[in-house]
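Report on the structure given below.
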Amino acid sequence: MVHPPPTEKSICIQCKGARLLCGKKTCPILKKTSILKSVLPFELGKSLHNINVFGPSPPGFFVGRYNYPKVFVGPLVPFKEYVERLNLSDFHILDAPELWYGKQSDDIISYRSSLVRSNFKINVKSAAKDKKTTPSLHTQRLLETSQELSMAARPVDTETHLEKLNLNIIMDNHALPLGPSGITKKIRITENVRVHPKVEYCVSDTDLKASEAIGDYLFLKGRVPFSTIQRIFSAGLLGEEKKRRLVPTRWSITAIDDIISKRLIKEIKKFPEINNFQIFESTYLDNHFKILLFPGKFLYEMNEVWAPNSLWNISLSGKKTPLQPQIASDMEFYHGRKNYASNITGAYYSARKSICEYLYKIKRQARVLVFREVSAGYTVPLGVWVIRETVKNAMDLEKPLIIDNFDTALKKMSEGLMVDLKYWKKYSKLIDFIKTQKTIDTFF
Amino acid sequence: MFKIKLENSRILRGIIEALASIIDETEFIITTTELSIRAMDPSRICLLQLSMAKQDFDEYECDKDTKIGLNLEDLDKILKRSSAGDSVELIFEPDTQKLKIKMKQHKSTKVRTFSLALLDIEMEDIPMENLLKLEYNADWSMDPVFFVEAIKDAEIYSEILTIKAEEDKGLLFSSVGQIGEMEYELALDDLLEKNIKAISKGSYSLQFLKSILKIENITEKLTISLKDDHPLKLIFNILEGGTISYFLAPRVEEIEFEEEDLEEY
């Protein structure tokens with residue numbers, strides 16, 4: 001039984017388990033572990049002792065955010081007993097969400113719960129080889145091994161020993177679910193690591209800015225997969241030597257989405273505008289997306305609604321009274337935004353990335369309006385990859401619906417959604433902007 | 001060829017920083033008597049015009065009318081490298097296709113020179129005659145600090161600032177949002193000059209007002225003209241000479257679409 005926090009009704013939607021606005025130590029909604037029981041290969045809350053873990057790391061590497069800047073970090077290595085039942089021919093998939101579209105949430109939880117995190121504690125600045133924060137030789141060696149592993153393009157046989165393995169699973173709105181963990185004193189890679197040449201180049205160039213390495217070298221030129229870019233960035237392997245840091249996984253995901261789409265937007269602004277109204281649509285894991293591209297200079301707005309009784313919009317009193325749709329909205333005009341999209345958070349950047357990739361591909365710019373509706377089936381958060389991949393799917397596969405005016409496009413946008421257009425209109429600043437802002441040339 | 005110089009780099013730096021927040025690239029027109037810019041933002045909501053006469057500069061040499069296209073973001077980055085007390089000089093030699101930006105510190109022999117490649121920009125004609133002929137019902141000048149404060153207050157609530165001028169009362173800035181509303185009142189005595197003939201009211205995008213008001217710290221006077229549902233006119237007098245004017249298109253009441261019209265779809 002879940003006991004939600006006694007709070008104002010919109011706090012959960014804003015917080016999504018991250019900021020603990022309710023004042024509790026852990027998010028009671030995220031602790032809904034009971035529903036996971038059938039999927040997990042172990043009994044929650046128990047622990048195992050004196051465990052040797054040996055297997056191909058996908059590769060995977062995690063950086064925690066608690067107690068920043070002294071955080072827990074560690075490679076992810078599959079635990080033989082748990083991973084056997086998955087019947088995998090390639091372990092790479094376990095940490096590569098770009099390959100997950102179409103999988104069920106049980107599959108994803110199974111993948112993640114079979115990976116063991118072998119943690120050690122380290123200051124994030126250690127990645128800069130800063131004299132002040134140089135860790136012990138022992139920790140330094142653990143970091144170097146982890147970094148070598150993070151760079152790998154393919155799974156790498158890795159060995160680690162844990163005195164105690166805590167059987168748990170952590171859900172997060174941004175990052176992928178995380179399985180059992182323990183503290184390690186020793187990590188060993190037992191085979192040669194194969195590295196993408198562009199990754200090799202960016203890691204060894206200690207004068208190259210992180211944003212340039214990510215946007216230009218890894219993404220545009222190297223076509224390096226998202227999860228690889230995110231992993232090496234998080235492992236403190238990119239950027240100018242003195243500025244390198246370990247970056248908590250959760251933050252690094254949004255940072256990469258942001259850096260890549262900003263790079264693309266720079267190019268998109270040089271392209272001609274599209275000349276009609278196009279609606280794209282896709283639904284996956286109870287996330288329903290409608291994306292409207294329409295004529296004008298690039299701007300972007302995302303609106304999302306958590307259906308009554310879905311993950312972040314649950315009835316707090318336990319009553320079955322229908323809740324009002326809670327719509328969150330964030331937008332940016334042509335010149336971009338300077339502050340964090342704090343209403344939508346990471347999903348804003350993930351959706352923007354996939355839409356920008358599409359615009360870049362078709363060599364057009366457009367105004368962009370996104371509606372996301374999350375229905376009650378989305379009971380555990382799986383990470384923003386769900387948003388990135390669902391939007392990508394909408395842009396890639398579906399033939400858009402072509403319309404010739406804004407009002408009809410809006411009506412079509414809300415078709416098939418549970419929430420009525422009048423609510424979307426009430427919260428969207430972009431719709432209001434389009435309908436009320438005059439242009440100066442009408443006064444010429 | 002031209003060569004123009006300002007002893008105080010802060011002015012040019014402030015102008016370019018403010019322009020760069022509204023337009024990406026533009027054409028600078030340098031004639032034998034003045035430097036000017038006329039441009040619209042990419043979404044065609046805001047029009048701006050800068051003019052600085054020969055005598056507003058400390059040195060001004062121009063042998064022939066010249067137009068050069070520049071990327072403002074890049075120029076802004078370069079000018080941001082200037083320090084307090086630097087003089088700044090813009091030099092253009094036609095055969096180079098580059099603008100040179102020279103920064104010198106007083107009482108120092110240090111010289112920094114930057115160059116910036118010119119852009120080939122197709123500028124559309126911006127006919128301003130009708131805008132300039134517009135008869136406004138309310139004109140006043142005020143300390144821009146009040147306006148900046150009202151903008152920051154309004155931002156808590158929405159994207160829109162409503163401005164109302166009344167002949168016997170003064171000014172009222174207001175903004176309404178989901179969480180509440182704000183009002184910011186100024187009496188006639190708070191205004192420097194005023195000529196308010198009739199109640200006038202208009203709503204404008206805060207995002208643009210914010211970009212426009214960036215120029216505030218290098219200006220000494222702000223004159224505003226308001227007319228119901230017409231562009232807001234703002235004229236800033238730049239410290240040490242020159243003016244920069246903005247016309248900002250209004251936000252108007254939404255024309256609600258007819259439900260019946262939509263039924264056919």
Side-chain angles (χ1 to χ4, degrees), chain A residues 8 10 265-266 268-270 273 277 295-299 301 324 326-339 343 365 367 401 403-415 421-423 425-444, chain B residues 20-25 39-48 72-73 124-134 155 158-160 177-179 202-208 210-211 227 229-233 246-259 261-265:
Chain A
E8 294 292 318
S10 62
I265 289 167
K266 206 173 146 191
I268 289 167
K269 284 179 174 175
K270 297 176 191 162
E273 299 169 15
F277 295 73
K297 299 283 174 188
F298 180 84
L299 49 76
E301 183 182 71
Q324 281 283 312
Q326 296 280 328
I327 296 179
S329 180
D330 271 310
M331 79 166 301
E332 64 188 66
F333 286 100
Y334 186 75
H335 288 283
R337 57 184 303 140
K338 295 213 163 58
N339 54 359
N343 298 320
Q365 67 174 315
R367 291 169 163 175
L401 180 68
I403 294 147
D404 64 3
N405 70 80
F406 189 63
D407 286 345
T408 315
L410 280 186
K411 190 150 200 278
K412 289 283 175 196
M413 277 291 277
S414 62
E415 261 182 32
L421 180 58
K422 71 175 180 206
Y423 292 105
K425 278 180 69 180
K426 191 171 145 198
Y427 289 90
S428 164
K429 287 174 181 159
L430 177 55
I431 296 176
D432 186 53
F433 172 81
I434 299 298
K435 294 186 83 74
T436 65
Q437 177 68 62
K438 289 223 162 208
T439 54
I440 197 79
D441 46 15
T442 55
F443 298 94
F444 284 171
Chain B
S21 70
I22 296 177
I23 46 183
D24 299 339
E25 48 186 40
M40 269 190 296
D41 82 281
S43 50
R44 311 170 74 84
I45 292 164
C46 180
L47 188 162
L48 62 90
L72 288 172
E73 195 189 326
E124 66 174 302
D125 194 35
I126 303 176
M128 282 182 67
E129 295 72 28
N130 288 333
L131 276 176
L132 294 172
K133 272 192 283 184
L134 259 182
E155 262 188 300
S158 79
E159 295 290 300
I160 300 169
Q178 309 266 359
I179 58 163
S203 295
Y204 303 92
S205 154
L206 277 169
Q207 179 227 347
F208 278 95
K210 242 165 65 180
S211 299
K227 182 184 169 90
D229 295 335
H230 272 74
L232 186 69
K233 180 160 88 174
Y246 294 88
F247 286 91
L248 177 61
R251 302 280 290 246
V252 295
E253 286 290 308
E254 179 180 346
I255 311 131
E256 194 55 51
F257 50 83
E258 299 284 325
E259 282 297 324
D261 293 351
L262 290 167
E263 288 310 310
E264 56 191 282
Y265 291 100

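Proteins get letters first, then strands, A, B, ... in listed order; numbering begins at 1 in each.
The pair A/Lys266-B/Glu73 does not count as a salt bridge, with every side-chain nitrogen at least 4.0 angstrom from each carboxylate oxygen.
Enclosure of atom CD in A/Glu273 by more than 12 non-hydrogen atoms of other residues, nucleotides or ligands within 6.0 angstrom is indicated.
Interface remark: of the candidates B/Ser203, B/Ser21, B/Ser158, B/Ser21 forms the most heavy-atom pairs closer than 4.5 Å to chain A. Listed options B/Glu159, B/Met40, B/Met128, B/Glu129 were ranked by heavy-atom pairs under 4.5 angstrom with chain A; first place goes to B/Glu159.
Cation-pi check for A/Lys269 over A/Tyr334 is met; the charged atom lies under 6.0 angstrom from the ring centroid and within 45 degrees of its normal.
A side-chain donor-acceptor contact under 3.5 Å links A/His335 to the backbone of B/Ile22. At distances below 3.5 Å, at least one donor-acceptor pair connects side-chain atoms of B/Gln178 with backbone N or O atoms of A/Lys426.
With a 4.5 Å cut-off on non-hydrogen atoms, B/Ile23 touches chain A through its backbone but not through its side chain. Only the backbone of B/Asp229 comes within less than 4.5 Å of a heavy atom in chain A; its side chain stays farther off. Both the backbone and the side chain of A/Lys438 come within contact range of chain B, with heavy atoms under 4.5 Å apart. A/Phe433 touches chain B through backbone and side chain together, each having a heavy atom under 4.5 Å away.
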